[in-house]
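Here is the structure we will look at, set down as structure tokens.
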Amino acid sequence: MNWIYLIIAGIFEVVWSTTIKLSHGFTKISFTIYTIIGLFLSMFFLAIAVKRMPMSLAYPIWTGIGAVGSVIIGVILFGDKLSPLTWIFVILLLVSIIGIKISSGN
């Protein structure tokens, strides 16, 4: 269950990183509110996860989910252009997240 909480926390990290861009520097109130809610929920689920699993595992996985998810959202939603080399590093990040999970034994 800890991993489910951690994945949910990572998803909400993607939510707030997306809505912070959509808030245009906190000038659009609805997206500002979504950003605050996303931040709160991301931290809430991360806090639940780290109660029962090592922070040294939870934090890098949480940030990795947020990073990979934000890259994907940036490309799909905002038309960000990434070089092939950048995609290789994004894939390496994803492989690293999976490797941490597999090797942690949790």
> Mind checking whether Tyr59 and Pro54 have side chains closer than 4.5 Å, heavy atoms only?
Replying inline: no

> If we ignore angles and hydrogens, is there a donor and acceptor under 3.5 Å between the side chains of Ser17 and Ser70?
Replying inline: yes

> Can you find a pair of side-chain heavy atoms, one from Tyr5 and one from Met53, that are under 4.5 Å apart?
Replying inline: no

>> Using the rule given for side chain to side chain donor-acceptor pair (under 3.5 Å), can you reason through Thr86 versus Ser83, listing the C-alpha separation, both sets of side-chain angles and the distance that settles it, and then say yes or no?
In response: CA-CA 5 Å; Thr86 303; Ser83 72; 2.9 Å; yes

> Between Ser103 and Gly99, is there a donor-acceptor pair closer than 3.5 Å when you use the side chain of the first and the backbone of the second?
Replying inline: yes

> Is there a chain of hydrophobic side chains (I, L, V, M, F, W, Y, each step under 4.5 Å between heavy atoms) that links Ile88 to Val95?
Replying inline: no

> Would Ile61 and Ile72 show up in the same hydrophobic cluster when neighbours are defined by side-chain heavy atoms closer than 4.5 Å?
Replying inline: yes

> Taking all non-hydrogen atoms of both residues, which atom of Val14 and which atom of Gly69 are closest, and how far apart?
Replying inline: CG2-CA, 3.7 Å

> Are Ile97 and Met55 connected in a single hydrophobic cluster, I mean Ile/Leu/Val/Met/Phe/Trp/Tyr linked by side-chain heavy atoms less than 4.5 Å apart?
Replying inline: yes

>> Using side-chain heavy atoms (C-beta onward) and a distance below 4.5 Å, is Phe89 in contact with Leu93?
In response: no

> Between atom CZ of Phe26 and atom OG1 of Thr32, what is the distance when rounded to the nearest 0.5 Å?
Replying inline: 6.0 Å

> Parallel, tilted or perpendicular: which describes the rings of Phe44 and Phe40, with under 30° parallel and over 60° perpendicular?
Replying inline: parallel

>> Would a single hydrophobic cluster contain both Ile73 and Ile20, if residues Ile, Leu, Val, Met, Phe, Trp and Tyr are joined by side-chain heavy-atom contacts under 4.5 Å?
In response: no

>> Could you measure the distance from the CZ atom of Phe31 to the NE2 atom of His24? Nearest 0.5 Å is fine.
In response: 7.5 Å

>> Just verifying a value: how many Å separate Ile7 CD1 and Glu13 CD, rounded to the nearest 0.5 Å?
In response: 13.5 Å

> Atom CG of Leu46 and atom OG1 of Thr63: how far apart are they, to the nearest 0.5 Å?
Replying inline: 9.5 Å

>> Do Leu85 and Ile91 land in one hydrophobic cluster if side-chain heavy atoms of ILVMFWY residues count as linked below 4.5 Å?
In response: no

>> Could you tell me if the side chain of Trp62 sits less than 4.5 Å from the side chain of Val50, heavy atoms only?
In response: no

> What's the spacing between Leu6 CG and Phe45 CZ if we round to 0.5 Å?
Replying inline: 11.5 Å

> OG1/Thr35 to CG/Leu22 distance, rounded to the nearest 0.5 angstrom?
Replying inline: 8.0 Å

> Is there a side chain to side chain contact (heavy atoms under 4.5 Å, CB included) between Phe12 and Ile37 once you walk through the steps?
Replying inline: CA-CA 9 Å; Phe12 277 112; Ile37 292 169; 5.8 Å; no

